[in-house]
K.L.:
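Here it is, the structure, as structure tokens.
Because only heavy atoms are used, hydrogens play no part in the values below, and waters and symmetry mates are left out as well, while side chains stay in.
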Amino acid sequence: MAAVSRPRAALSWSSGKDCAFALHEVRKSGEVEVVAALTTTNEAYDRVAMHGTRNALLRRQAAAMGLELIDIPLPWPCSNADYEARMETALATLKARGITHMVFGDLFLEDVRAYREAQLADTGITPVFPLWGRDTAALAREMIEAGFEARIATLDPSKVPAELAGRRFDAAFLDALPEDVDPCGERGEFHTAVTAGPIFSAPIEVEVGEVVTRDGFVYADLAPL
């Protein structure tokens, strides 16, 4: 009997732990076959949008995951109209390649999920949220116990102490967080860049370089070695 082919999917990839763990979960479940990582980058700074991860590290991550990297360069500053136009082009490209699903690492923000669903409506691409609704305190520690390694790439210093930028995402980091901060940083308190884990063929060594404050956020420069 011939094997039943699974739906082809793209992973919405920010370079961080949540989308990494979402990939881990769908690979375990086997419900879709993830073949590509879709990422928005800041074309002025050669970095991942929001997280500030270097594109050099982004490319290493995609290679370690065994996924084609589909980069959506965004202008800076980027209007919502620019974002949506470039995303529309990217989604049409995915559909032309036979990709019918998109995997997201979102956890509980209803407005974000509603925006994703509205963005994909009428595209023929179905959103998948494998981590949705899970307890984030337990989830954060499950990620660490599963072998995921990440560093804090970006943080909001009004919510998280600035000296935690560049730190490892580990139990000590979680213990150092203020009580009102979500352990996964789902409200934008911090963002991570993943360097190792069961989704990677090999760990990626990084060097923590300059830490800077820009536009109200603290960024740690993570350079792959």
K.L.:
Side chain to side chain donor-acceptor pair (under 3.5 Å): which pairs involve residues 130-141, sequence neighbours left out?
P.N.:
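Listed once each, the pairs are Glu25-Arg134, Arg134-Glu142, Thr136-Asp182, Arg141-Asp175.
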K.L.:
For His101, enumerate each residue passing the ring-ring contact (aromatic ring centres under 6.0 Å, His included) test, keeping only those at least two apart in sequence or located in another chain.
P.N.:
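His101 satisfies ring-ring contact (aromatic ring centres under 6.0 Å, His included) with no other residue.
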K.L.:
About how many Å separate CD of Glu186 and CG of Asp18, when rounded to the nearest 0.5 Å?
P.N.:
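Those atoms lie 6.0 Å apart.
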K.L.:
Under 4.0 Å between a Lys/Arg side-chain N and an Asp/Glu carboxylate O for Arg54 and Asp46?
P.N.:
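A salt bridge is absent here (no side-chain N lies under 4.0 Å from a carboxylate O).
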K.L.:
Applying side chain to side chain donor-acceptor pair (under 3.5 Å), which residue pairs with at least one partner in residues 195-220 are found, sequence neighbours left out?
P.N.:
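Counting only pairs at least two positions apart or across chains, no side chain to side chain donor-acceptor pair (under 3.5 Å) contact touches residues 195-220.
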K.L.:
Using links of under 4.5 Å between side-chain heavy atoms of ILVMFWY residues, direct or through other members, which residues join Tyr45 in one cluster?
P.N.:
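Once heavy-atom contacts under 4.5 Å are chained together, Tyr45 belongs with Trp76.
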K.L.:
Any side-chain heavy-atom pair from Pro198 and Phe148 closer than 4.5 angstrom?
P.N.:
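Yes, their side chains come closer than 4.5 Å.
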K.L.:
May I ask you to establish whether Arg113 and Phe129 are in a cation-pi arrangement, using a distance under 6.0 Å from NZ or CZ to the six-membered ring centre and at most 45° from the ring axis?
P.N.:
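Yes - Arg113 lies over the ring of Phe129, closer than 6.0 Å to its centre and within 45° of its axis.
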K.L.:
Start with the C-alpha distance between Asp221 and Val208, add both sets of side-chain angles, then the distance that settles side chain to side chain contact (heavy atoms under 4.5 Å, CB included), and finish with yes or no.
P.N.:
CA-CA 6 Å; Asp221 189 22; Val208 181; over 6 Å; no
K.L.:
Do the side chains of Pro161 and Pro178 get nearer than 4.5 Å, heavy atoms only?
P.N.:
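Yes - at least one pair of side-chain heavy atoms lies under 4.5 Å apart.
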K.L.:
Kindly work out whether a path of hydrophobic side-chain contacts (I/L/V/M/F/W/Y, heavy atoms less than 4.5 Å apart) joins Leu23 to Val128.
P.N.:
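In one cluster: yes.
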K.L.:
Who pairs with Glu43 by salt bridge (Lys or Arg N to Asp or Glu O under 4.0 Å), at least two apart in sequence or on another chain?
P.N.:
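Per chain and number, Glu43 pairs via salt bridge (Lys or Arg N to Asp or Glu O under 4.0 Å) with Arg86.
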K.L.:
Quick test of your reading: applying side chain to side chain donor-acceptor pair (under 3.5 Å), list the pairs with at least one residue in residues 158-171, sequence neighbours left out, ordered by first then second residue.
P.N.:
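Listed once each, the pairs are Asp156-Ser158.
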K.L.:
Would you mind reporting whether Cys184 and Lys17 have side-chain heavy atoms less than 4.5 Å apart?
P.N.:
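Yes - at least one pair of side-chain heavy atoms lies under 4.5 Å apart.
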K.L.:
Quick one: pull up CG in Leu107 and CZ in Arg187 and give me the separation to the nearest 0.5 Å.
P.N.:
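Rounded to the nearest 0.5 Å, the CG-CZ separation comes out at 10.5 Å.
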K.L.:
Do the side-chain N and O atoms of Thr41 and Asp71 include a donor-acceptor pair separated by under 3.5 angstrom?
P.N.:
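The answer is yes; a qualifying pair exists.
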K.L.:
Is the shortest side-chain heavy-atom distance between Trp13 and Met65 below 4.5 Å?
P.N.:
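They are in side-chain contact.
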